[in-house]
Amino acid sequence: MHVSVLVRGLLSLCSGQTEVGCRVAPFVSSQSVNRFLRRPFIPRWHKQSSTAMEHTAAAPADVNTPVSEKETMAAEPAERGKRKNDQPDEPVASGRGKRRRGAGGKKLRPGERYIPPPQKRNPGVSFSEEHFKETSYYFEGGLRKVYPYYFDFKTYCKGRWIGKTLLDVFKSEFRAESIEYYQKAAKEGRIRLNETPVEDLSVVLRNNDHMRNTVHRHEPPVVGRPLEVLVDDGEVLVVDKPASIPVHPCGRFRHNTVIFILGKELGISELHTVHRLDRLTSGVLLFARTLEMSQKLDQMVRDRQLEKEYVCRVDGEFPEGELICEEPILVVSFKIGLCRVDPKGKECRTVFQRLSFNGKTSVVRCLPLTGRTHQIRVHLQYLGFPILNDPIYGSSAWGPHRGKGGNVGKTDEELLHALVEEHRSQESLHLLDITDDCIGVAQEEEKNKTADKKDTSDCTFQQPDKSAERSETQSGGDNKTENTNNTTLKDPQDPLPTTSNGNQAADSLQKTPTGTQDHLCSECKLVRPDPTEKELIMYLHALRYKGPDFEYSTCLPDWAKEDWVEAD
């Protein structure tokens with residue numbers, strides 16, 4: 001029967017009149033008709049739909065049978081062609097629920113895993129008190145430190161992982177730890193797939209698999225200077241960010257970040273980031289307190305109504321007068337945010353002006369008119385005046401001219417490798433903000449190169465041999481005590497490493513605090529020297545942030561003063 005005929009038939013039934021003009025008792029509500037009219041058109045060639053339509057326009061004997069509203073609603077799924085059988089005694093709602101709770105309506109084959117559908121994420125959720133209570137701070141030697149804590153890394157299976165085993169993925173993409181570590185972690189239930197502990201890493205990953213890996217997390221220390229709140233008027237929050245502290249969680253940093261420190265120590269949360277500063281950069285940092293203010297400031301950024309002013313100290317005698325650099329900047333590596341001047345890069349514009357010169361170095365005022373990654377640092381390097389202690393763009397990995405005029409003489413891959421190699425040899429990979437898996441690759445290369453060297457007496461950053469044999473050796477013997485959490489604790493009376501002259505270096509060493517150690521964690525077996533001020537502070541400072549009707553600024557840092565002299 002044609003749909004238009006069916007509609008006319010239903011409308012006539014609503015008015016109490018049949019096709020032949022006979023009066024009958026009204027039995028179909030207008031709501032049912034409206035629901036029918038709102039349904040999408042289904043072609044006649046759809047077998048189930050056409051059958052349902054024929055049942056709808058039934059013989060007069062069926063038509064004269066009263067139908068309740070509840071029965072009409074229950075019949076609708078059948079009319080839409082969504083029922084897979086015509087069993088009237090099976091409730092539709094319960095059937096759907098069973099299929100959803102089981103295996104998505106499909107019968108699993110022997111050995112096949114059920115993978116639940118991915119959950120929707122709420123990007124608006126902020127960090128809460130639950131996150132802040134994961135661990136606590138302590139201060140030592142002028143540094144802010146974080147007690148190690150257990151943390152769950154979570155991720156859905158990426159497309160390139162599908163069809164690979166967990167073991168293959170750990171080998172290729174998570175090389176910060178050894179395979180022996182992951183095998184032991186799996187046996188202890190620290191690796192879960194779809195919330196089920198995985199003991200065998202040979203399991204093959206499938207689309208929508210959700211992985212959870214519980215790790216013992218160590219965060220690098222940062223400077224112990226407190227965050228100074230410059231303005232908090234209910235709409236904006238302005239702080240003077242110390243160097244060495246990232247703005248938000250990234251890489252190995254979580255609690256030692258501006259966002260977490262504000263939440264844990266000052267109870268300030270639900271902030272909207274307006275702009276960011278590099279981890280080693282200090283100065284004015286602006287947050288919006290409300291969504292409306294965040295949108296307003298974002299519009300100002302797009303309209304270029306905001307002015308940012310920085311000061312820095314560069315190597316050499318910077319030219320007097322105003323100097324403008326408009327070289328395009330290209331991102332070389334997103335892993336560490338490495339950039340360089342390149343014709344294929346994005347347009348940039350920075351205005352520079354020398355403020356002082358002390359015979360060796362210059363203080364320079366910087367006005368970035370665009371907001372590219374590392375813009376000031378890259379442009380200063382291109383001009384031949386890199387920031388004095390810039391661990392990336394002042395590196396000798398850029399060649400004898402350190403990248404002046406874009407003269408590098410290396411491919412991007414060669415440059416990245418040379419940069420990592422230089423910091424690896426100087427035991428300062430942490431200055432690159434490089435991800436843990438990349439550090440694992442570099443450290444694995446170092447381990448292979450020094451496999452025959454067993455001298456570990458130097459008080460420096462050591463990469464542990466993560467083989468099972470050495471792990472057992474370092475945590476075995478009489479220096480082992482068990483706590484209630486089944487974690488192995490090293491004897492706190494272990495002798496300190498000695499320096500090259502044989503003296504103990506207790507004042508500059510950081511060991512994992514007693515009671516927070518984990519028997520699987522390789523970081524717990526390391527004794528590192530505390531970072532120096534030179535490693536934690538880069539001579540780049542955000543001095544002023546100015547808009548059409550506001551201006552926020554800080555004082556000049558000590559190193560930016562005209563009479564400052566660099567300590568030996």
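Keep in mind that this is a model prediction, so the values were computed, not measured.
- No close placement of the H272 and F287 rings is indicated, their centers lying 6.0 Å or farther apart.
- Annotation: F127 is not in aromatic contact with F132 [ring centroid separation under 6.0 Å not met].
- Judged by a 6.0 Å distance limit and a 45° cone about the ring axis, K561 is not positioned over the six-membered ring of W564.
- A donor-acceptor contact under 3.5 angstrom links the side chains of N194 and D209, judged on distance only.
- For the side-chain contact (heavy atoms from CB on, under 4.5 Å) criterion with I245, the lone passing option out of L536, L285, T281, I261 is I261.
- For K154 and D152, the salt-bridge test fails: no basic side-chain N is under 4.0 Å from an acidic carboxylate O.
- Between R160 and E173 there is a salt bridge, with a side-chain nitrogen of the basic residue lying less than 4.0 Å from a carboxylate oxygen of the acidic one.
- Side chains of T361 and D315: a donor-acceptor N/O pair is absent below 3.5 angstrom, by distance only.
- Side-chain contact check for H248 and R276: at least one donor-acceptor pair (N or O, by modelled atom type) lies under 3.5 Å.
- In summary, the side chains of Y393 and H374 do present a donor paired with an acceptor at a separation below 3.5 Å, with no hydrogens or angles considered.
- In plain terms, the two heavy atoms of S244 and V222 that are nearest each other are O-CG1, 3.3 Å.
- Annotation for G283 and L277: closest pair O-CD1, 3.9 Å, computed over non-hydrogen atoms.
- A parallel orientation is assigned to the rings of Y182 and F170, their planes being inclined by less than 30° (bins at 30° and 60°).
- A salt bridge does not link R313 with E566: none of the charged nitrogens is closer than 4.0 Å to a carboxylate oxygen.
- A donor-acceptor contact closer than 3.5 angstrom is absent between the side chains of E235 and T290.
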Quiz: residues 545-554 side-chain donor-acceptor pairs under 3.5 angstrom, not counting sequence neighbours:
from	atom 1	to	atom 2	distance (Å)
E551	OE2	R544	NE	2.8
T554	OG1	H541	NE2	2.7

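- With a 6.0 Å radius and a threshold of 12 heavy atoms from other residues, nucleotides or ligands, E347 has its CD atom at or below the threshold.
- The aromatic ring centres of Y147 and Y138 sit less than 6.0 Å apart.
- For the pair R217 and Y149, the cation does not sit on the ring face, since its NZ or CZ is not both under 6.0 Å from the ring centre and inside 45° of the axis.
- Between E327 and H379, the side chains place no donor N or O within less than 3.5 Å of an acceptor N or O (distance only, hydrogens not considered).
- Annotation: cation-pi pair R144/Y137 present, NZ/CZ under 6.0 Å from the ring centroid and within 45° of its normal.
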